[in-house]
Structure formats: C-alpha cells, structure tokens
Amino acid sequence: MREMTYLEKVIDETMRKRPVVGHLLRVATQNYQHTNPKYNIEKGTGVVIPTLAIQHDPEFYPEPEKFIPERFDEDQVQQRPPCTFLPFGDGPRNCIGLRFGRMQVIIGMALLIHNFKFEFHPTKTVVPLEYRTDDILLSAKGGIHLKVSRV
Ligand code: HEM
C-alpha cells in the first residue's frame, strides 16, 4: 500500500476538491486577539472553519477547479501553510480514524480500479457535479451514477 504513492495523491486531491466534511466547528475557549480587531474572537464564540473554501483558495491551490494530484508532491505540500488541507480536521479534536479511513480508501480504490472500468453513464451522470443543499455533509445531488464493467 505504501508504494502506491500516486494513488495517495489522487485521493488527497479528491479530498481537497470534495471534502466530505465541508466545514469544521469549534468554540473559542479563550479570548483571541488579532492585530486587526476585526478578527478578534470572544471566548465562547462559535467558529466555523470553511474547509471547502480554504481548499479552493487560489492563493494555496492555483486553478482550484482543476484536478492536479501533483499538488501533493512533497515539495509542493511543504510550500503551503499548515491548515490549508483539512479533510480530516486538525488539532487535538481531528479525526481519530484518519489512518484507518485513508487505508480503507486506498485499498478499496486500488481493488476497484484493478478489477473494474468506470465510465460516465450516458444520461444519468450529472456534469458538472452539483451539491445537495439539504445535507450537512458534502454530497452529490441525485447521487453519482456511473457505468461499471469488469476489466
Ligand atoms: C475518509 C474517511 C473519513 C473522513 C473524511 C473523516 C473526517 C472527519 C472530520 C473532518 C472530523 C472532524 C475533525 C475536526 O473537527 O477537526 C472527524 C472526526 C472524527 N472522526 Fe472521522 N473521518 C473519516 C473516517 C473515520 C473513521 C474510519 C473513523 C473511526 C474508525 C472516524 C472517527 C472519527 C471520530 C470519533 C471523530 C471525532 C473526534 C473528536 O471529536 O475528538 N472517522 N472525521
């Protein structure tokens, strides 16, 4: 699994473009003072961290709508500030299943693409993909319809 480094980048780029958890929630445990008072946060204030927007910010990800797995080459990752890639959250309350979740996705994807071919369904696949607006998680309106055949 560790040798499938390009697949890992493909999965990271997928989670950058389509983070299932599109925003993180926190409550400030202490007053936070910024040099610009506009950004001061009072203790007890709820904070929404917009993962989807951060991961589409062209300052960190030029041409954010493009699918470019090479963005996750080690040298490119090093150039971005921390907290610009948050599909599993960050800090002491980040996802406890991060490694397990990643492992499942990598093995699942490797087996699927090894054994099956995936194509757009001639009529049902919606392009460009549209998001549901009635779901707290980021999900596709009407589901994702693909034609799957054995290779
Ligand atoms: C690809 C799969 C997964 C994704 C994208 C994902 C994403 C996330 C995200 C974004 C959070 C919130 C982190 C934060 O607020 O900083 C979270 C929390 C959490 N996840 Fe996952 N997760 C995945 C798989 C899993 C799995 C497999 C498990 C369990 C085996 C798991 C267990 C948890 C738990 C318990 C929390 C709450 C942690 C806390 O509040 O301290 N997750 N996950």
Side-chain angles (χ1 to χ4, degrees), residues 1-34 38-74 76-121 125-146 148:
M1 195 188 90
R2 294 227 171 98
E3 285 166 24
M4 294 188 286
T5 50
Y6 193 72
L7 179 59
E8 276 203 65
K9 290 172 198 174
V10 167
I11 289 167
D12 283 346
E13 178 65 345
T14 306
M15 289 195 297
R16 178 195 69 80
K17 278 199 77 180
R18 317 277 189 207
V20 180
V21 185
H23 59 270
L24 305 171
L25 300 173
R26 294 291 186 270
V27 175
T29 55
Q30 50 187 296
N31 290 329
Y32 169 78
Q33 297 223 317
H34 192 270
K38 193 169 120 183
Y39 300 120
N40 287 353
I41 302 170
E42 233 176 81
K43 180 179 174 180
T45 308
V47 179
V48 178
I49 299 151
T51 302
L52 181 65
I54 292 170
Q55 295 183 175
H56 281 77
D57 188 330
E59 187 184 335
F60 311 126
Y61 299 99
E63 301 187 274
E65 289 310 323
K66 285 199 178 157
F67 187 84
I68 309 173
E70 287 73 15
R71 298 184 201 273
F72 290 90
D73 286 351
E74 195 50 39
Q76 292 208 34
V77 172
Q78 293 306 326
Q79 281 170 28
R80 287 190 290 268
C83 294
T84 47
F85 184 63
L86 296 166
F88 292 98
D90 206 341
R93 299 304 298 263
N94 78 338
C95 178
I96 60 160
L98 187 156
R99 283 188 185 79
F100 185 59
R102 282 183 67 89
M103 184 187 75
Q104 280 187 319
V105 175
I106 291 167
I107 293 173
M109 278 305 294
L111 287 173
L112 284 171
I113 55 185
H114 187 66
N115 292 303
F116 299 95
K117 184 173 149 194
F118 294 84
E119 292 169 281
F120 284 174
H121 185 278
T125 313
V126 178
V127 183
L129 183 148
E130 287 174 35
Y131 293 128
R132 280 176 60 172
T133 49
D134 58 350
D135 193 339
I136 186 105
L137 297 176
L138 199 65
S139 57
K141 204 188 256 181
I144 298 172
H145 298 270
L146 297 169
V148 185

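First listed ligand is number 1; within each ligand, the first listed atom is number 1.
- For ligand 1, the atoms lying closer than 4.0 Å to a non-hydrogen atom of D90 are 16 (O).
- In terms of modelled atom types and a separation under 3.5 Å, the side chain of E8 and the main chain of I106 share no donor-acceptor contact.
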Evaluate side chain to side chain contact (heavy atoms under 4.5 Å, CB included) for K17 paired with E65, printing each intermediate quantity in order.
CA-CA 7 Å; K17 278 199 77 180; E65 289 310 323; 4.0 Å; yes
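- For R26, the closest heavy-atom approach to ligand 1 falls below 4.0 Å.
- Looking at atom 7 (C) of ligand 1, its nearest protein heavy atom turns out to be P87 O, 3.4 Å.
- Within the 4.5 Å cutoff, the side chain of V47 has no heavy atoms near those of the L25 side chain.
- Listed for the H114 side chain is no donor-acceptor partner under 3.5 Å among the backbone atoms of A110.
- When hydrogens are left out, the protein atom nearest atom 21 (Fe) of ligand 1 is C95 SG, 2.3 Å; that is the closest non-hydrogen contact.
- Here the OG1-CZ distance, from T14 to F67, works out to 3.5 Å after rounding to the nearest 0.5 Å.
- Which parts of ligand 1 touch G89 is read off a 4.0 Å heavy-atom cut-off, strictly below it: atoms 10 (C), 13 (C), 14 (C), 16 (O).
- Protein heavy atom at the shortest distance from atom 26 (C) of ligand 1 is G97 CA, 3.7 Å.
- From the protein, the heavy atom lying nearest to atom 27 (C) of ligand 1 is F100 CD2, 3.7 Å.
- Taking all heavy atoms of L137, I96, V105 into account, the minimum distance to atom 35 (C) of ligand 1 is reached by I96.
- Under the 6.0 Å distance and 45° angle rule, R16 counts as a cation-pi partner of Y61.
- With a heavy-atom cut-off of 4.0 Å, F88 touches ligand 1 through backbone and side chain alike.
- Relative to atom 38 (C) of ligand 1, the option among L98, N94, L138, T51 with the closest non-hydrogen atom is N94.
- Applying the 4.0 Å criterion to heavy atoms of V21 picks out, from ligand 1, the atoms 10 (C).
- Here the protein heavy atom with the shortest distance to atom 12 (C) of ligand 1 is L24 CD2, 4.1 Å.
- Using a cut-off of 4.0 Å between Lys/Arg side-chain N and Asp/Glu carboxylate O, D12 and R102 are scored as salt-bridged.
- Put simply, OH on Y6 and CD on E70 are 4.0 Å apart, with the number rounded to the nearest 0.5 Å.
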Using the rule given for side chain to side chain contact (heavy atoms under 4.5 Å, CB included), can you reason through L112 versus F118, listing the C-alpha separation, both sets of side-chain angles and the distance that settles it, and then say yes or no?
CA-CA 9 Å; L112 284 171; F118 294 84; 4.1 Å; yes
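- Considering only non-hydrogen protein atoms, atom 39 (C) of ligand 1 sits nearest to R93 NE, 3.3 Å.
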